[in-house]
Amino acid sequence: MSPWIKQACLFLVGLFILPKTTESKKDEVLYCSACLAIADELNYSISQTDPKKMIHVGGFRLKPDGSLTDKKVPLVRSETHLTELLEGVCNSMSDYALYEDPVSKEKSYKRFAPRENDGGNFPDFKHFKFDGPESSSALKFACESIVEELEDDIISLFANESDHVAKTLCSEVSGHCTSSVFQHSEL
């Protein structure tokens, strides 16, 4: 067999085998926590929006009789509003840090920064691990990855006001929280 055929065969073997062996596994704690944080932050943002505000949706085209075909829907669950909220949801990931449960020793990312209307309810900081900006940037990257991958699913879940959005999004839709640890805890 000539040397170029051996090289071509070796190249083809490497082309098909290497991508499967170098595929990285996603950190389940990181991605599950990011997914849960997205659901929590969106629920909070929706709760802060005035439920009486309405928005016009529709084609704004004239019917043959001269009337418009638009309609008013509540702003809170409109696709436009949810898209705007989703664009900024990952900016709040700097308010989260790795938390280790003192009893079970399970790790997850939790919010440590209280919100404006929490009344200064600070969590117990001794169980949080603040690893510097790398930790929150990893969570922000995971958040951005999830939002990019599942934007349409996230919007449709929140637009329909379905119950248990976090469980549906993080376990069933994304599959990031499939471990039994996450099934029983925060979902």
Side-chain angles (χ1 to χ4, degrees), residues 25-51 53 55 57 73-101 104 106-125 127-131 133-187:
K25 185 179 177 193
K26 290 183 177 177
D27 181 0
E28 186 176 17
V29 170
L30 179 67
Y31 278 83
C32 180
S33 297
C35 186
L36 293 171
I38 290 169
D40 181 52
E41 293 296 325
L42 286 176
N43 277 327
Y44 176 75
S45 296
I46 289 169
S47 73
Q48 297 303 302
T49 306
D50 183 7
K53 284 189 177 180
I55 186 172
V57 295
V73 296
L75 174 70
V76 176
R77 299 286 177 172
S78 70
E79 204 171 304
T80 305
H81 182 62
L82 290 171
T83 302
E84 287 175 10
L85 293 177
L86 207 51
E87 286 175 6
V89 74
C90 294
N91 294 333
S92 62
M93 295 300 123
S94 59
D95 294 341
Y96 288 77
L98 189 62
Y99 176 82
E100 185 175 336
D101 188 279
S104 66
E106 294 170 0
K107 294 180 180 180
S108 64
Y109 285 82
K110 293 193 183 244
R111 185 177 182 86
F112 67 85
R115 294 188 170 114
E116 291 174 12
N117 60 355
D118 278 351
N121 241 353
F122 288 97
D124 186 6
F125 287 114
H127 300 294
F128 282 95
K129 298 191 183 326
F130 296 99
D131 296 333
E134 303 87 32
S135 178
S136 64
S137 64
L139 189 64
K140 184 175 182 179
F141 178 78
C143 174
E144 290 168 348
S145 299
I146 293 169
V147 167
E148 183 179 330
E149 180 184 341
L150 302 171
E151 182 175 5
D152 294 335
D153 294 322
I154 294 169
I155 290 172
S156 68
L157 278 172
F158 279 93
N160 295 327
E161 297 183 68
S162 60
D163 294 334
H164 311 292
V165 176
K167 181 178 183 180
T168 305
L169 175 64
C170 300
S171 293
E172 298 167 18
V173 176
S174 73
H176 291 302
C177 300
T178 56
S179 169
S180 62
V181 170
F182 298 112
Q183 291 295 322
H184 301 295
S185 62
E186 299 147 31
L187 300 179

**Study point:** H127 and Y99 aromatic ring geometry - parallel, tilted or perpendicular at 30°/60° bounds
**Key:** perpendicular
Practice item. With the side chain counted from C-beta on, respond yes when R111 and E41 share a heavy-atom pair under 4.5 Å apart, and no when they do not. Key: yes
Review point. Do any N or O atoms from the side chain of S47 and from the backbone of Y44 form a donor-acceptor pair under 3.5 angstrom?
Key: yes
Check your understanding: Would you call R115 and D40 a salt bridge, using N to O less than 4.0 angstrom?
Key -> yes
Review point. Atom OG1 in T178, atom CD in E28: separation rounded to 0.5 Å?
Key: 4.5 Å
Review point. Hey, is C170 close enough to C35 that the SGs sit under 2.5 Å?
Key: yes
Check your understanding: Quick check: are there more than 12 heavy atoms from other residues, nucleotides or ligands sitting under 6.0 Å from CZ of F141?
Key -> no
**Study point:** Rounded distance (nearest 0.5 Å) linking atom CD of E149 with atom CD1 of I154
**Key:** 9.0 Å
Practice item. Identify which one of S108, S33, S171 satisfies the side-chain contact (heavy atoms from CB on, under 4.5 Å) criterion when paired with C177. Key: S171
Review point. Do H176 and L30 come within less than 4.5 Å of each other through their side chains, counting heavy atoms only?
Key: no
Check your understanding: So, does R77 use its side chain to make a donor-acceptor pair with the main chain of F158 at under 3.5 Å?
Key -> yes
Practice item. Please step through side-chain contact (heavy atoms from CB on, under 4.5 Å) for the pair L82 and I46, ending with a clear verdict. Key: CA-CA 8 Å; L82 290 171; I46 289 169; 3.7 Å; yes
Practice item. Report yes if the side chains of H81 and T49 come closer than 4.5 Å at any heavy-atom pair, otherwise no. Key: yes
Exercise for review: Any chance you could measure L98, atom CG, to K110, atom NZ, to the nearest 0.5 Å?
Suggested key: 11.0 Å
Check your understanding: Roughly how far, to the nearest 0.5 Å, is the CG atom of L85 from the OG1 atom of T80?
Key -> 11.0 Å
Review point. Once you round to the nearest 0.5 Å, how far does CG of N160 lie from OG1 of T168?
Key: 11.0 Å
Review point. If you round to the nearest 0.5 Å, how far is CD1 of I38 from CG of L86?
Key: 7.0 Å
